[in-house]
Amino acid sequence: MKRIFLAIATCAVLGSCSKDFLNQSDPNKLTVDNYFATENDVLLAVNGVYQSLRSSDCIGENSGLYLEERSDNTGRNDYANSGEPFQFNDFSVLASNTWVKSHWSALYQTISRANVVLSNIDKVPFTSNDKKNGYIAETKFLRALIYFHLVRQWGAVPLVTTQLTTSDEVTAYTYRVADTVVYTQIITDLKDVLASGLPDFQTGDKIGRASKAAANGLLGQVYLTMARTVNDGQSTAHLQDAKTYLEACYNKRKFGQLSEIPYADVFDVAKKTTCPELIMQIVYKQGDATYSSSIAANNQAAGQTINSQKKATGIGGNVTPDLIDDYESGDPRMTYSVKFADTLIVRDYFITKFRDVSDAAGTAGYGGNDWILMRYADIILMLAEVNNYLGDETTAIAYLNQVRARAGMPDYATALLNASYKAKYPTLTLAILHERRIELAFENQRWYDLLRTMTTDELIAYFHAKNASRYGNAVPQHFSAKDRYYPIPYDEYKLNPTGMYQNSGY
């Protein structure tokens with residue numbers, strides 16, 4: 001924990017501020033006590049919280065290893081060359097896995113940066129309370145977002161909401177708290193955001209910052225997840241709350257039906273600041289060697305040019321045949337999202353959903369793709385999910401059909417007339433889960449969707465029923481009860497084996 005909380009807390013604003021800590025007389029005694037003096041200092045520190053999201057070990061564009069590759073959508077096929085990353089899709093992750101440790105550390109880095117801001121902002125005189133409260137709201141949104149990732153991936157986790165500056169303070173927080181306690185903090189933070197003066201949507205150079213639409217959408221997803229995964233006897237109440245906040249997000253939209261927005265527009269680099277479907281995104285800067293996006297180039301397979309001008313030499317963003325089998329005939333989302341590379345070293349599908357072949361991105365692959373954290377198709381399908389669980393199938397189907405209509409696919413009633421569709425998705429629950437898989441493929445939603453939709457026993461049955469030959473070299477039948485959560489990184493566990501007890505099975 002000392003590595004995560006103390007070292008990060010004392011240097012949280014580095015990389016986002018202009019003050020030169022390196023020129024202090026004793027850099028081993030660095031604190032942030034004398035950093036926060038002006039409104040601009042606070043702005044730069046808040047920017048530092050946002051900046052930390054970009055990391056591929058956090059939730060940025062190349063963080064798919066921890067979520068998408070954990071699901072049945074993607075994964076590494078070569079254990080010898082992939083090493084530890086192969087363990088994620090193979091359900092053979094060890095507590096000593098250094099990638100798990102890096103992910104845990106990156107998530108807590110964001111939380112530590114947020115706590116530094118919230119613990120010091122009252123030191124600064126503001127000319128406008130609205131501006132101060134806006135920074136507080138943005139920071140609380142980001143803290144809630146990251147704790148939501150942590151609690152879904154590890155269950156009980158350490159909960160820290162203040163800046164830690166001494167080893168004794170760190171030791172005092174080196175223990176896991178129940179998931180219900182973490183969820184209570186997440187809800188508290190997000191309700192504070194909704195009570196703030198943040199706008200419904202951010203515009204102009206503020207795109208990518210927290211908003212009330214994003215807070216409503218996230219809070220709705222939190223309650224939906226609690227209803228399905230937390231055993232607190234309040235499932236129906238959580239579903240009603242989920243419906244309330246998801247509808248609040250939906251009602252803020254600036255369009256009518258989803259079909260008004262072409263699917264390709266959602267991922268068009270030239271439209272990332274104007275597409276009304278986007279609610280929250282991590283912003284990347286086209287053509288900039290430091291702040292550009294690399295996802296288009298990284299997903300490119302050798303011999304292909306659809307994603308980027310940068311020449312590729314590898315297999316690109318791998319796609320499981322299992323996902324390919326799940327696309328319905330004629331679904332244009334397949335054509336847009338994946339492509340078969342018929343080249344000698346590949347001969348497989350690769351991801352094409354994120355593209356930037358512009359001259360501005362160039363042959364270096366400095367793309368401008370923003371990483372989408374939340375969009376309206378996601379909200380609409382969660383509304384279908386919530387209404388289905390509440391017993392209102394008519395409303396659920398109407399939301400489901402919105403997404404299918406935009407894709408040019410038959411409505412649900414017509415789809416059920418297809419024997420193959422009905423056999424694969426015999427319930428509305430499975431039809432919604434399928435739609436989310438196709439619509440949101442490679443957007444880091446699939447693993448969370450599986451965790452939310454199925455119990456552990458159902459997940460075991462689900463993965464064990466997979467056709468291993470359509471899954472790659474990883475073995476889905478390795479999935480067992482322990483794999484619902486990641487292991488607590490061994491270095492964290494050994495600091496306090498009692499308080500940082502290991503998840504079962506590791």
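Every value quoted in this text rests on a predicted model; they were computed, and no experiment measured them.
- No salt bridge links Arg253 with Glu277; every basic N to acidic carboxylate O contact stays at or beyond 4.0 Å.
- In this structure, Arg152 does not pair ionically with Asp179, as no charged nitrogen and carboxylate oxygen lie closer than 4.0 Å.
- Side-chain polar atoms of Glu61 and Ser293 form a donor-acceptor pair below 3.5 angstrom.
- Defined by atom type and a distance below 3.5 Å, a donor-acceptor pair is present between the side-chain atoms of Asn467 and Ser469.
- Look at Glu385 and Arg452 and you find a salt bridge, because one of the NZ, NE, NH1 or NH2 atoms lies within 4.0 Å of a carboxylate O, short of that distance.
- With no hydrogens or angles considered, a side-chain donor-acceptor pair links Asp189 and Gln185 at under 3.5 Å.
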**OP:** Give the C-alpha distance, both sets of side-chain angles, the deciding distance and a yes or no for side-chain hydrogen bond (donor to acceptor under 3.5 Å, both in side chains) between Gln257 and Arg406.
**Re:** CA-CA 8 Å; Gln257 293 290 304; Arg406 195 262 293 274; over 6 Å; no
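- Judged purely by atom type and a 3.5 angstrom limit, Asn299 has no side-chain atom pairing as donor or acceptor with the backbone of Ala296.
- At a threshold of 4.0 Å, the pair Arg437-Asp326 counts as salt-bridged, since one of the basic side-chain nitrogens sits closer than that to a carboxylate oxygen.
- For Tyr376 and Phe255, the distance between ring centers is under 6.0 angstrom.
- With ring centers used as reference points, Tyr412 lies 6.0 Å or more from Tyr425.
- A centroid separation of less than 6.0 Å is found between the aromatic rings of Phe91 and Phe463.
- A salt bridge does not link Arg446 with Glu68: none of the charged nitrogens is closer than 4.0 Å to a carboxylate oxygen.
- One finds a salt bridge joining Asp200 and Lys252 here, because a Lys/Arg side-chain nitrogen approaches an Asp/Glu carboxylate oxygen to under 4.0 Å.
- A salt bridge is absent between Arg143 and Glu138: the closest approach of a Lys/Arg side-chain nitrogen to an acidic carboxylate oxygen does not fall below 4.0 angstrom.
- A distance of 6.0 Å or more separates the ring centres of Tyr485 and Trp154.
- With 3.5 Å as the limit, one finds no donor-acceptor pair spanning the side chains of Arg70 and Asn444.
- Taking 4.0 Å as the cut-off between side-chain N and carboxylate O, Asp322 and Lys466 count as a salt-bridged pair.
- In this structure, Tyr486 contributes its side chain and Val93 its backbone to no donor-acceptor pair below 3.5 Å.
- Aromatic ring centres of Tyr66 and Phe88: separated by under 6.0 Å.
- Of the possible polar contacts, none joining the His238 side chain to the Tyr223 backbone as a donor-acceptor pair under 3.5 Å is found.
- For the pair Arg355 and Phe267, the cation does not sit on the ring face, since its NZ or CZ is not both under 6.0 Å from the ring centre and inside 45° of the axis.
- Counted by atom type alone, Gln304 and Lys339 present one or more donor-acceptor pairs between their side chains at under 3.5 Å.
- Within 6.0 Å of OH in Tyr336 there are more than 12 heavy atoms belonging to other residues, nucleotides or ligands.
- A cation-pi geometry, defined here as NZ or CZ lying under 6.0 Å from the six-membered ring centre and within 45° of its normal, does not hold between Arg347 and Phe340.
- The main-chain N or O of Ala441 is found under 3.5 Å from a side-chain atom of Lys353 such that the two form a donor-acceptor pair.
- Cation-pi geometry between Arg436 and Tyr448 is not met at under 6.0 angstrom from the ring centre and within 45 degrees of the axis.
- Side-chain atoms of Thr453 and Asp449 form no donor-acceptor pair, as typed in the model, at a separation below 3.5 Å.
- Under the 3.5 Å distance criterion, the side-chain polar atoms of His478 are matched with a main-chain donor or acceptor of Asp90.
- The ring of Tyr399 has its center closer than 6.0 angstrom to the ring center of Tyr250.
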